[in-house]
Amino acid sequence: MNLSGKTALVTGASSGMGFAIAEQLQQAGARVFGLCRNISKIPAAVHPISCDLTSPEQIDAAFASLDALDILINNAGIAILSGISDGDPADWQKMWQVNVHALATCCQKSLALFPESGGQIVNISSMSGHRVPRTGGFYAPTKFAVRAISDALRTELRSQDNPTRVACVSPGFVDTPLLDVYFKGREQQLEETKTSMDMLTAEDVAESVMHILRTPAHVDVSDIMLRCTQQKI
Ligand SMILES: NC(=O)c1ccc[n+]([C@@H]2O[C@H](COP(=O)([O-])OP(=O)(O)OC[C@H]3O[C@@H](n4cnc5c(N)ncnc54)[C@H](OP(=O)(O)O)[C@@H]3O)[C@@H](O)[C@H]2O)c1
């Protein structure tokens with residue numbers, strides 16, 4: 001795929017899937033911007049944008065620094081084990097801010113930068129945005145919200161005859177640093193989970209994103225769900 005001449009913004013490019021997606025976009029010839037807090041960790045030759053997505057002012061400044069955009073990958077996210085019955089509402093707030101509010105804000109801000117022929121948004125949801133696992137807590141609702149925001153935006157855009165496409169990618173377990181946070185205090189369970197399955201890699205998910213970007217303009221992918229073969233739910 002040749003993405004030369006295209007500009008892409010990847011949120012959360014300093015780790016895991018965002019790093020892999022930014023790398024693959026770069027290899028495909030796109031001009032890539034990586035937005036995150038730890039900008040020293042983004043792939044080489046990706047343009048850094050230092051931004052804490054919990055700050056509306058920093059999001060404003062990040063988008064003001066861009067002159068044009070063709071592709072937005074809303075990947076940044078946090079997963080804290082925090083139940084509805086017993087979790088800390090402060091953790092719910094953190095997840096809501098990054099996984100939901102910032103994602104919707106980035107969608108809205110990208111629209112002004114897309115060409116008239118339309119842009120492509122890919123929002124990273126999760127299998128936890130399709131069914132709620134026992135430990136889904138408040139994280140799963142944030143990922144359901146990612147899908148609902150994507151559907152709402154697509155419907156609005158179509159009613160405005162705006163050809164911008166909005167897709168989701170919904171992975172199951174992916175071997176990234178996010179799991180260390182999600183399984184904090186349950187390290188043994190994480191170890192067992194990792195040894196019981198050949199988990200998806202960040203690159204596997206990046207391939208699904210690249211598939212969406214490869215589709216011709218008349219194809220509007222809504223969601224790709226992927227799990228590793230051994231994942232039971
Ligand atoms: N790993 C899984 O099993 C899995 C499964 C399904 C879906 N997902 C979803 O996939 C996405 C990527 O997750 P990952 O597994 O690749 O996680 P990861 O390795 O922990 O990376 C998370 C990224 O999000 C960025 N981020 C977090 N808080 C931020 C903030 N306040 N401002 C700006 N950037 C922030 C981090 O950058 P900085 O820390 O540098 O800011 C980092 O680059 C997330 O949306 C996650 O919910 C993960």
Side-chain angles (χ1 to χ4, degrees), residues 9-24 32-43 46 48-63 72-82 91 93-107 122-133 135-147 149-150 168-184 189-190 193-194 197-206 208-209 223-228 231 233:
L9 174 64
V10 182
T11 70
S14 58
S15 175
M17 292 175 227
F19 186 99
I21 294 164
E23 251 190 341
Q24 291 194 19
V32 185
F33 290 86
L35 180 157
C36 54
R37 293 165 300 182
N38 296 297
I39 50 170
S40 62
K41 295 187 179 168
I42 64 175
V46 167
I49 300 182
S50 175
C51 175
D52 183 339
L53 288 167
T54 63
S55 160
E57 294 76 22
Q58 289 189 31
I59 298 176
D60 282 350
F63 277 85
L72 168 68
I73 314 292
N74 260 321
N75 159 82
I78 50 175
I80 306 167
L81 179 70
S82 187
D91 288 334
Q93 174 70 6
K94 282 182 207 156
M95 288 191 275
W96 186 261
Q97 275 186 308
V98 177
N99 299 2
V100 181
H101 199 276
L103 175 137
T105 306
C106 291
C107 285
V122 181
N123 292 327
I124 306 297
S125 178
S126 170
M127 282 306 300
S128 293
H130 287 265
R131 84 283 181 267
V132 184
T135 54
F138 197 82
Y139 174 71
T142 68
K143 291 302 182 178
F144 272 75
V146 170
R147 292 204 298 124
I149 287 166
S150 305
C168 285
V169 173
S170 298
F173 284 125
V174 188
D175 193 359
T176 73
L178 173 137
L179 293 183
D180 298 331
V181 178
Y182 189 58
F183 280 85
K184 197 160 179 256
Q189 197 185 337
L190 176 58
T193 306
K194 282 192 177 183
M197 56 178 89
D198 189 8
M199 261 186 208
L200 295 175
T201 64
E203 289 71 27
D204 294 327
V205 180
S208 290
V209 172
D223 199 351
I224 295 179
M225 297 160 67
L226 68 161
R227 309 169 173 86
C228 77
Q231 186 168 335
I233 56 155

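Whatever order the structure lists ligands and atoms in, that order sets their numbers, starting from 1. One-based numbering along the sequence shown.
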Item to check | Other residues, nucleotides, ligands: >12 heavy atoms within 6.0 Å of His130 NE2 | outcome: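 More than 12 heavy atoms, drawn from other residues, nucleotides or ligands, come within 6.0 Å of this atom.
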Item to check | Under 4.0 Å from ligand 1, counting heavy atoms only: the protein residues, by chain and number | outcome: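 If the criterion is a heavy atom under 4.0 Å, then ligand 1 touches Gly12, Ala13, Ser14, Ser15, Gly16, Met17, Cys36, Arg37, Asn38, Cys51, Asp52, Leu53, Thr54, Asn75, Ala76, Gly77, Ile78, Val98, Ile124, Ser125, Ser126, Tyr139, Lys143, Pro171, Gly172, Phe173, Val174, Thr176, Pro177, Leu178, Leu179.
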Contacts of type side chain to side chain contact (heavy atoms under 4.5 Å, CB included), residue [X], not counting sequence neighbours:
{"X": "Phe33", "result": "Thr7, Leu9, Arg31, His47, Ile49, Leu66"}
{"X": "Thr201", "result": "Glu203, Asp204"}
{"X": "Ile39", "result": "Cys36, Pro48, Ser50"}

Checklist entry - Step by step, would you call Val181 with Ile78 a side-chain contact (heavy atoms from CB on, under 4.5 Å)? => result CA-CA 8 Å; Val181 178; Ile78 50 175; over 6 Å; no
Checklist entry - Under 3.5 Å, is there a donor-acceptor pair between the Ser14 and Asn38 side chains? => result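 Asn38 and Ser14 do not have a side-chain donor-acceptor pair below 3.5 Å.
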